[in-house]
Every structure is written in structure tokens, then in C-alpha cells.
Amino acid sequence: MNDTANDKELQKERKEIISRILEIQKKFMELEREKGVTEKDIHHNPKGIVKEYKEEHEKLANRLVDIAHKIKGSIRT
């Protein structure tokens, strides 16, 4: 795959990840409003769906950083 095609694929993946991260953040806000979930619940011993959302969010955020480095040609340290 040439660099242009690879960059297009990375950009496409980047957009998909950003969309999913925004969906997760929206779900967090809904949980906060509906069930009283707080920042403490999210960051300190999360359980159930909160734990699942947090883990997915972290995984996607890390992938987003990796993509940014690939696009810029830099190395993640």
C-alpha cells in the first residue's frame, strides 16, 4: 500500500475513532444525569458498563495517539 492510500485509511480510522469516543462521552453524560455517575465512579474502581466504557475509551484514545504519530511520521515515546 502506498503512503497516500495508507494515510487515507489512517484518516478514515481516525474519524471513526473520534466518532466512537464522542458516543462514549455522551453515554457517560447520560449516566451522570440519569444515575448520578460521577468522575470518581469513572476513575476510581469503575464497575459494570462504566468500566466497559472507560476501558474502550482508553483503548481508542491510545489508538488515536498511535495514528497521529503515524500520520506525522513521528515516534511515540
Side-chain angles (χ1 to χ4, degrees):
M1 183 182 302
N2 65 36
D3 286 340
T4 303
N6 191 37
D7 282 352
K8 285 183 182 181
E9 284 297 316
L10 288 172
Q11 291 290 356
K12 180 182 177 205
E13 183 181 357
R14 179 181 162 272
K15 286 181 183 181
E16 291 167 355
I17 289 171
I18 290 170
S19 292
R20 182 61 186 148
I21 286 173
L22 291 173
E23 287 174 26
I24 291 170
Q25 289 173 340
K26 182 179 176 185
K27 295 288 185 188
F28 275 135
M29 290 187 304
E30 289 171 5
L31 287 170
E32 183 179 38
R33 282 192 300 272
E34 295 170 7
K35 301 192 189 297
V37 174
T38 66
E39 287 289 318
K40 183 179 178 184
D41 298 322
I42 293 169
H43 297 290
H44 302 288
N45 196 26
K47 296 177 180 153
I49 193 71
V50 173
K51 181 179 180 181
E52 291 173 30
Y53 284 149
K54 181 179 186 242
E55 288 171 354
E56 183 180 4
H57 189 279
E58 288 173 353
K59 180 180 169 187
L60 292 170
N62 277 317
R63 178 65 184 140
L64 202 55
V65 171
D66 290 340
I67 289 171
H69 281 287
K70 282 185 180 181
I71 289 170
K72 293 295 180 183
S74 59
I75 298 171
R76 184 174 184 175
T77 58

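- In this structure, the side chains of I18 and L60 stay at 4.5 Å or more apart for every pair of heavy atoms.
- Of all heavy-atom pairs between S74 and H69, the closest is OG-ND1, 2.6 Å.
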Please lay out, stage by stage, how E55 and K59 fare under the test salt bridge (charged side-chain N to carboxylate O under 4.0 Å, His left out).
CA-CA 6 Å; E55 288 171 354; K59 180 180 169 187; over 6 Å; no
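- Using a 4.0 Å cut-off between a side-chain N of Lys or Arg and a carboxylate O of Asp or Glu, E30 and K35 do not qualify as a salt bridge.
- K47 places a side-chain heavy atom less than 4.5 Å from the side chain of N45.
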Working for side chain to side chain contact (heavy atoms under 4.5 Å, CB included), residues K27 and I24
CA-CA 5 Å; K27 295 288 185 188; I24 291 170; 5.5 Å; no
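- Rounding to the nearest 0.5 angstrom, the gap separating the OH atom in Y53 from the CD atom in E23 is 9.0 Å.
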One pair to check against side chain to side chain contact (heavy atoms under 4.5 Å, CB included): R76 and D66. What are the steps and the verdict?
CA-CA 7 Å; R76 184 174 184 175; D66 290 340; 2.9 Å; yes
Please walk me through it: do E56 and R20 pass salt bridge (charged side-chain N to carboxylate O under 4.0 Å, His left out)?
CA-CA 9 Å; E56 183 180 4; R20 182 61 186 148; 2.8 Å; yes
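- I67 CD1 to K15 NZ: the interatomic distance, rounded to the nearest 0.5 Å, is 12.5 Å.
- Taking a 6.0 Å sphere around NZ of K54, one finds it holds more than 12 heavy atoms contributed by other residues, nucleotides or ligands.
- For the pair K12 and E9, the salt-bridge criterion is not met [side-chain N within less than 4.0 Å of a carboxylate O].
- E32 has its side chain out of reach of E39: every pair of non-hydrogen atoms, C-beta onward, lies at least 4.5 Å apart.
- Under the 4.5 Å side-chain criterion, counting only non-hydrogen atoms from C-beta, R14 is in contact with L64.
- Nearest heavy atoms, L10 versus K70: CD1-CB, 3.8 Å.
- Follow the hydrophobic side-chain contacts under 4.5 Å out from I49 and you reach L22 in the same cluster.
- Considering only heavy atoms from C-beta on, T38 stays 4.5 Å or farther from I42 through its side chain.
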